[in-house]
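Please read the structure below before turning to the comments.
Because only heavy atoms are used, hydrogens play no part in the values below, and waters and symmetry mates are left out as well, while side chains stay in. Proteins get letters first, then strands, A, B, ... in listed order; numbering begins at 1 in each. Predicted model, so just to flag it, every value in this text is computed and none were measured.
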Protein chains: 2
Amino acid sequence: MRAGTAVLTVDAAGMRAQNSGLLLNMIWRERQISRAEIARRTELSPSTVSAIVADLEQAGLVRSIGAGVSRGGRRPTLIGFCDEAFSLVGVELGASHVTVVLTDLRGRVRTQSKASHAVRGDPEGSLQKAKELIHECLDAERVPRRSVVGMGVAVPSPVHPAAPGKMSPLILPAWKNVDVKEWFETTFDMPVFVDNDANLGALSECFWGAGSGGEDLTYIKLATGIGAGHIIHGDVYRGAGGTAGEIGHIPVDSNGPLCVCGLRGCLVTLIGSTALTERARELMGTRGRKGPTVRDLVEGARTGDAAAKQIIDGMGAYLGIAVGGLLNLLNPAIVVLGGEISSVGEMLLDPLRASVRQRALSVSMAETRIVTSVLGERAIAVGAATLVLQAALRDRSLFPTQNVVRTA
Amino acid sequence: MRAGTAVLTVDAAGMRAQNSGLLLNMIWRERQISRAEIARRTELSPSTVSAIVADLEQAGLVRSIGAGVSRGGRRPTLIGFCDEAFSLVGVELGASHVTVVLTDLRGRVRTQSKASHAVRGDPEGSLQKAKELIHECLDAERVPRRSVVGMGVAVPSPVHPAAPGKMSPLILPAWKNVDVKEWFETTFDMPVFVDNDANLGALSECFWGAGSGGEDLTYIKLATGIGAGHIIHGDVYRGAGGTAGEIGHIPVDSNGPLCVCGLRGCLVTLIGSTALTERARELMGTRGRKGPTVRDLVEGARTGDAAAKQIIDGMGAYLGIAVGGLLNLLNPAIVVLGGEISSVGEMLLDPLRASVRQRALSVSMAETRIVTSVLGERAIAVGAATLVLQAALRDRSLFPTQNVVRTA
DNA sequence: TGGTATTTCTTCGTCAATCGAACGAACTCG
DNA sequence: CGAGTTCGTTCGATTGACGAAGAAATACCA
C-alpha cells in the first residue's frame, strides 16, 4: 500500500536542511566548484547559494580554495570540501581479528590498528579489544573527541534492520546477549552505525573503488565465509530480515560435502578459505607443519604453480553458479570480488566469467562488469567508516558543531 | 561517488508540492482521516493541513465524507479520497494476447477487453489491436479523455531504464524499430509508462494483493515464459540493464534439455507452460486432438489426478532451486506466484516450500512468506494501470486539472 | 590603453508557505 | 446545563527562497 514516498514533511527549516544537504553533497562530490556553477546546476538562485555556502563555511565543512578560470568575466571563487575537518572511525569485527581505522572525510586512512582475536566466541573480550584499538588510533593522531563524527562497525553476521545492534543467534550464538550498537554508543558517546561486513565492503567499493558513480553494485567477500552485499540506488540493501546477500549457503553441487547448516554442497564448503587450503594441502603438499595458507595459494598462482591454478579454476567455476544466478535475479552494473584470494585477479576472473557465461543470459552479462577489488584488506573497516560519512552527508546535523579545525 | 541523495532542490512552491503530495498519499492510504489526525501524524500545523486539504478538494482529488467519532470534543470531519475522480488505462501485451483494462484510482476494473493476437512477430498489428481495445474501453464507460490520468503498458520483454520504449532485440526481434512508449504517447496524447510484465505483476501484488504494506516483494510469473519482478522500497527494481528478475534461464538441471538461449536445463524449459503441457501429454494422454492445456492440468490437480499432481510436484521442486537462490540473495518479505498454474495453490506451494527449505538458510526462510496470487489473470494489466497511479500519487501535477467529476 | 560586455557574488526588498496563538463551533461528561 | 476537550479557521509573525540591482573582477576589442 505504501507508495514509496518520502515520509517527512517540510517547513522552512526543513527546506534549508534539504537544500544545504544537497549543496554539501555536490561540493563533496565535485571537490571544487564555484557558487555560480552550483546555482546553475541546482537551479537555486545565486543569493540562496551564497547564503547556504556561508552557513557551511561557518560550520567548517567547506572553504574557499582560490579562484577558478574565467568564463569571460570575473573569475569564480572555487569552494572545496574540508576533507580533514572531521574524522570517522571504522571498526571491523572479523571472524578472527579486530581492525580499527581512523579516516578523514575522503576515505583516507589516518591510522589503523589490528589485532588477532577469536571474535566468534568472546564478545566481551572482542569489544574490549576494539575499545583499546580505537583509543590507540585516536591518541596516535591526537584527534580531539569533538572532531569525530561517529563510528561504523562491521560485524560478521546479518543485521536485522529493526535491531541493528543484535547479532544473528544462528551465526554468532555467543553474542546473544550483546547489543553492539548500544555498547559502542555508551562507551564512546557518539553516533554508531552497525552493518554486515559484506554490505560494508560493498559500500566501500561504491564510494572508493570500482563503483565510483553510484551504480548498483554487488560485492562478494571471499574469505572464511562467503557473503555478498548489495548497493541499490546508492544505499546498502539489507532485505526484509537483513539476510540479503547471504550466499555462502547456496548449494552449487548436489554431491558436495555436508555443511554445518544442514544442506549439502554449499558454496562455503567448496570455496571458503578452509576448503581452499584443504584442497591446497592435498594438491600442493604441506608447507611447514601448518599446511598452506590462502597467501601461499595466491603466491603459487602468481608463480605459475599448476595445482594452485587448478584450485582457483575450480573456485571460479563454482562461484560462477552463484554469480550467474545473481546476474539473472538482480542484474547489477558491477560485481566486485573481495577478500585475500581475489588478489589473483584475472586468474580467478577468467574461469569465473566462463562459468557465468554458461548460466546467465547474454543480455545481463553484457551490462555487468565483473572485477576484483583494489581496496585491499582494509576495505571493510573503511566501509564501516563510510557508513558514517554517508549518513552525515545526508544529514548535516550529524557533523559536530563549533569545530574550528583549520586543517587542509 | 553519489551518496544516494534526492537530487531536487526545494523552494516555497516545492515545499508545498512535497507536503501536499504527502497528504494526498496519506489520504489515499487511510481512505478516511480527519484534518486533525493528519496534523498529528505529519507534524504539520493544523492551519497548513487545512490549507492543503482545501487545495486538494479544489482539484477534485479529495472530499469530505461526513463526521467521525468524537474523541471527547467536537467531531472531526473525515476526508476521503475521490477514488473515481479519474481513470487509469492498463495495457498488457502478452505473448499471444492483448488485454486492456480501465480502472479507477483504487485499482478496481471498470471495463476490460481482451483479444488473442500473436504479439511476438507483429508489432504494427498488436499496437492497432491495442488501440481498438482501448477505444472500446473508453467508449464503453463514456469516459471523457480529460479524466484519464495516463496509460501503463506491460510488455513481455525486459525494459532498459534508459530507453523505456524499446524492446529487447534478443527477445522481441520483430519489435526492433518500434518505440512503444512513443507510439502510445503520440496516439493517445497522454503520459505513458512502460515496464516489463513480471515487474508490473509485482507492483500489482504490492498495491492490491499479498503485499499490502509496502514490504519488499518478489512476484514470479509462471506462464509460457518464467519471469520475476522485484519491489524494493515500494518501487519496481529494474537492475542496471533492466533485466533484473529474468529468471527463466537460470539453469536448474545440468542434464536438462537444451534451451533456445544456448544453455542447458533452463527453468523455462522445465516448468514453462510448454514443458508442462508436453509432460501432461505424456502422463495424462491427449485430450481431444490438441492435447491437454494448463487449464486441464489445474483441473486434474483439483480432482486428484495422480499424474497432474506429479507434474506439479516436479514443478515445485525445480522452482524451489530458483526461489532458494532468491531468498539467499535478496531476502524479500514475500514471494508471490502468479500465472494460471498458480491457482492450484497449496498443491504447488507444498513441494516448492520443501524444495526451498533444502536450499535456503533457515533464517531467510523464516522471514519470507511464499504465497500464490489472488489477483487472477488481470493482475498484470492492472499493474500497468497501477504504474500510472503510483507516479501520480507522487506528483500531483500528473492529475488533469479542471476536472469537476463529482462521482463517488 | 581604455571602454564595453560578461561573469561573479552580494545586498535588499518581495513573496510564498509554514507556524503559532487566539477564537468560535461542536461535542462529551458529570 | 456548564466545564472541559477537540476540531477547524483566521490572522499576524517568521523564515527562507527569489529577483532585481549593484559592485567587483575580468575578457575582449578598438
inquiry  = Which is more 5' along DNA chain C, the nucleotide nearest R40(A) or the one nearest L44(B)? Just name the residue.
reply    = R40(A)
key: DNA chain C: 5'-proximal contact among R35(A) and A12(A) (nearest heavy atom)   =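 First, find each residue's nearest nucleotide; the 5'-ward one identifies R35(A).
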Can you sort out the partners of [X] under side chain to side chain contact (heavy atoms under 4.5 Å, CB included), two or more places apart, ordered by chain and number?
{"X": "R74(A)", "value": "none"}
{"X": "A391(A)", "value": "F193(A), L398(A)"}
{"X": "L78(B)", "value": "Q32(B), S34(B), I65(B)"}
{"X": "R145(A)", "value": "H135(A), L138(A), F188(A), M190(A)"}

request  = For DNA chain C, note the earliest and the latest nucleotide, 5' to 3', having some atom under 4.0 Å of a heavy atom belonging to chain B.
outcome  = dA17(C) to dT28(C)
Tell me: [atom1] of [X] to [atom2] of [N], nearest whole Å?
{"X": "I79(B)", "N": "dG8(D)", "atom1": "CD1", "atom2": "C1'", "value": "10 Å"}
{"X": "D11(A)", "N": "dG16(D)", "atom1": "CG", "atom2": "C1'", "value": "10 Å"}
{"X": "E37(B)", "N": "dG8(D)", "atom1": "CD", "atom2": "P", "value": "10 Å"}
{"X": "R16(A)", "N": "dT14(D)", "atom1": "CZ", "atom2": "C1'", "value": "14 Å"}
{"X": "I52(B)", "N": "dT9(D)", "atom1": "CD1", "atom2": "P", "value": "13 Å"}

task = Could you tell me which residues satisfy side chain to side chain donor-acceptor pair (under 3.5 Å) with D179(B), sequence neighbours excluded, listed by chain and number?
result =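 D179(B) satisfies side chain to side chain donor-acceptor pair (under 3.5 Å) with no other residue.
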ask   = In chain order, what residues pass the side chain to side chain donor-acceptor pair (under 3.5 Å) check against S70(A), with sequence neighbours excluded?
value =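 Result, side chain to side chain donor-acceptor pair (under 3.5 Å) vs S70(A): none returned.
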Identify each atom pair where a protein N or O and an N or O of nucleotides 22-30 of chain D are less than 3.5 Å apart, giving names and distance.
unit_1: dA25(D); atom_1: N3; unit_2: R74(A); atom_2: N; d: 3.3

ask   = Does dA17(D) have OP1 or OP2 sitting under 4.0 Å from an N or O in the side chain of N19(A)?
value =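 Answer yes for this pair, as a side-chain N or O of N19(A) is under 4.0 Å from OP1 or OP2.
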key: Touch class at under 4.0 angstrom, heavy-atom based, for P76(A) against every strand present   =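 It contacts sugar-phosphate atoms only.
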inquiry  = Using only modelled atom types and a 3.5 angstrom limit, is any donor from either the side chain of T48(A) or the base of dG16(D) paired with an acceptor on the other?
reply    = no
ask   = Between D235(B) and R394(B), is there a side-chain N and carboxylate O pair less than 4.0 Å apart?
value =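 Looking at D235(B) and R394(B), the cut-off is met.
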query = Which salt bridge (charged side-chain N to carboxylate O under 4.0 Å, His left out) pairs, counting each pair once, include a residue from residues 37-53 of chain A, with sequence neighbours left out?
reply =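 For residues 37-53 of chain A, and leaving out neighbouring residues, the salt bridge (charged side-chain N to carboxylate O under 4.0 Å, His left out) pairs sorted by first residue read E30(A)-R41(A), E37(A)-R40(A), E37(A)-R41(A).
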request  = Evaluate side chain to side chain donor-acceptor pair (under 3.5 Å) for R110(A) paired with S87(A), printing each intermediate quantity in order.
outcome  = CA-CA 9 Å; R110(A) 288 177 163 171; S87(A) 300; 2.4 Å; yes
message = Of the listed nucleotides (dG19(D), dA17(D), dC7(D)), which one gets closest to any side-chain atom of A36(B)?
response = dC7(D)
